[in-house]
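First up is the structure itself, then whatever we jot down about it.
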Amino acid sequence: MSKNYIVGFPRIGEQRELKKALESYWANKSDFSEVQKVASELKHRHWEYQKDAGIEQISSNDFSFYDNMLDMAVTLGAVPKRFQDLQGEELYFAMARGNQNAVAMEMTKWFNTNYHYIVPELSLEDSYKLNANKIIEEYKEAKAHGIKTKINIIGPISFLALSKRVDRGDTFELYSKILPVYEELLREIAELDDTVTVQIDEPIFVKDLEPKVLSLIKPTYDKLALISSNIKIAVVSYFEHSKEATKILVNTPVWALGLDFNHGEENLESLSDIAASNKVLIAGVVDGRNIWKNDINATIALLNSIAQSVKKENILVSSSCSLLHVPFTLRYEEKMNSEIKNWLSYGVEKLEEIVLISKIFFDGKESLNAEEKALFEANQEANVSRSSSPLIHDKKVQERIQNITKLERDGAYEERIKIQKELLGYKDLATTTIGSFPQTPQVRHARREFKNGNLTQAAYTQEMKNYIDDCVAFQEECGIEVLVHGEPERNDMVEYFGEQLQGYGFSQNGWVQSYGSRCVKPPFIYGDISRPKPMTVDWITYAQSKTDKIMKGMLTGPVTILNWSFVRDDMSRGDVSKQIALAICDEVDDLQNAGIKMIQVDEAAFKEGYPLRAAKVSEYEDFAVRDFKISVSSARKETQIHTHMCYSEFNDIIATIEAMDADVISIETARSGNELLKIFAQVGYKQEVGPGVYDIHSPRIPSIEEIVKQIHSLLEVLPKEQLWINPDCGLKTRKYEEVKPSLKNMVEAVQIVREEFETVK
Ligand code: GLN
Ligand code: ZN
């Protein structure tokens, strides 16, 4: 009696087949029928993998050509007006990516993951109409293939909460229009089979919900669960606990609740409610968000403790969330250190874990056959090896952490900035950039060839230096005041540092879907972090040697490195980021000792690390601020520390930003005028600020006039003594043809504004 379950499976394919098919179709190199063929092969293969592994509850409709939220919008007929002349795949991909006549729908992060969903657009005047085709067809396809699936859909409350209104107002005002479409959907599903299980994802239940939203849970699920007696509904949430919603759901006629016990330990407090209601508990115990092998013994212990409250026969062993968030299979990791590889588990390997755990939990270890026994023993050995391996545990790092006394730099901001302004002599409204310059085909080629061993170290270094020469010369020519080296040696702002830090691992094929056809390959932190040698000093000092102006050194901050990696789970995130902070701190010191006077420590991902629950925010902020400060604690008073964050919402976190105590922060503002800057003025923010004066996400070249206008609007909020002038973000995705005129216009605009101040005087 093994009972197991899986929330969802990745769809892009182990060799990113779907990505390739989509991109070829988008480039008009193939027909949509080719994409459909690949999609169908993938679905079948993925169902087979799950079935072969012994998974009992396999999903349909976890596949998507682009995104499940977009699929749900199409299912509900939530098609924005600007696309209404289109149909079929043309409509679908236009919604996702835009076309000649209409901009794409907005895309945003799926909770605290790096997956992005398409934000549905709703409006009171629109009507909604069911289009259940995809859901029905996928169910039939699986059935024809011999697999009776459960059907995955996104729940109405999460759908509304994650959508936006195009006509001002609250999306929940559309509740009475949307819910009937869900009811109709369930009625169609009920026709499909004698009994059908529907998994309704309600991840929004893990957030702090307003009473208004909480009050919708009972009526919604009372209704949906009674649509048809042959439908069993499982309401699933993930990434955190959902205690409040669980309390309500146990009093509705749903069949099961899916809870995440890896990332929502507080769900344990819901067990007595679940037990009392006799609901089925889908226990998420195999982490769908991380790449570490499950510790099966520990998981069995957890399940046993759950079984003290909830009847064993009511428990299903499951992944904590869809495996969409982990790479596909370890099979293609041929180059990885075999000891480290043995600690990992990707999607396909997690299937095996779920099945094995459920066997042991329900039938006991005695019931395992020889092969399963061997798997179990290997699992234990891997966990023992991981907890004691010298690859992970570095005494020196641990001692240094224990004995750390310097937690922040010397001197208060007021004292530092006075010294810096005198020494560095930059003007008000000083011009600079965020770090990267266009990544030319040549530079990419050189990096690739060097990596593949086709380019010598000397030739590679020369290529990079040539780039830096040009980049510096260009900045001089256009009159930028604080220069950068342009980051030609970096493929990615985290990977570049990860590759040079001890304790960091990289995969060959660890792709995870980020949005649509785009995948990322996050590096992973497996052990104590240290810095064997300087990481950026040669490049930055070389760049400095090419100019008399100030060369700003460029580093990535500890919190961003943490947030864009898979992180070891045998230590708290805060402890890991503290180790990274010390490595960056050493780099800061080496840079200043080599004569670099300004150093930027980017915290591009600071905001996305925020927890889903307010109760956990202060814990995050405490270590995030602490570790940023540690990372620059070596900076002397006269060394100016910059940071950069690439988003535009600071209202909630302004006190935290202030506490980081960077001398200068550059932020993204071009698209919001001076709105977001106002909060800096409101709180009396003292440090200097570089609000982006033009948007780098588009190839458009901003005119001098519009930049002047933007600077004027910034000056309405903060005085010129406090402002720097720079683009919104790094320029790596742009072309030199765009960047050159844009930066020239930026510099000209600053001249104009400075002259205005002169004439006033
Ligand atoms: N220094 C980095 C760059 O310019 C910062 C990138 C970012 O903020 N995302 O590319
Ligand atoms: Zn940025």
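Only heavy atoms go into these numbers, but all of them, side chains included; no hydrogens, no water, no symmetry mates. Start at 1 and go down the list; that is how both ligands and their atoms are numbered.
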Atom 2 (C) of ligand 1 [closest protein heavy-atom partner, distance rounded to 0.1 Å]: Asp602 OD2, 3.3 Å
Contact atoms of ligand 1, heavy-atom distance to Gly730 under 4.0 Å: 3 (C), 4 (O), 10 (O)
Any N or O of Glu487 closer than 3.5 Å to N or O of ligand 1: yes
His644 and ligand 1 - part of the residue with a heavy-atom distance under 4.0 Å: side chain
Under 4.0 Å to a heavy atom of Cys729 - the qualifying atoms of ligand 1, by number: 7 (C), 8 (O), 9 (N)
Protein contact of atom 6 (C) of ligand 1 - nearest heavy atom, named by residue and atom, plus distance: Met493 SD, 3.6 Å
Ring centroid separation Tyr515 to Tyr115 under 6.0 Å: no
Ring centers of Phe450, Tyr460 separated by less than 6.0 Å: yes
Tyr542 six-ring face occupied by Lys465 cation (under 6.0 Å, within 45°): yes
Pairing of Lys678 and Glu675 as salt bridge, 4.0 angstrom limit: yes
Closest protein heavy atom (residue, atom, distance) for atom 9 (N) of ligand 1: Cys646 SG, 3.4 Å
Polar contact flag for Ser436 and ligand 1 (N/O pairs, less than 3.5 Å): yes
Sub-3.5 Å N/O-N/O distance, Ile434 and ligand 1: yes
Charged tip of Arg289 within 45° of Phe239 ring normal and under 6.0 Å: yes
Metal-centred angle, NE2 of His644 through the Zn ion (ligand 2) to SG of Cys646, rounded to 10 degrees: 120°
Salt bridge flag under 4.0 Å for residues Arg416 and Asp661: yes
Pair Lys421 + Asp663, salt bridge at N-O below 4.0 Å: no
Intermediate values then yes/no, side-chain hydrogen bond (donor to acceptor under 3.5 Å, both in side chains), Gln640 and Tyr426: CA-CA 12 Å; Gln640 186 166 73; Tyr426 58 86; 2.9 Å; yes
Numbered atoms and elements of ligand 1 in range of Gly435, under 4.0 angstrom, heavy atoms: 4 (O)
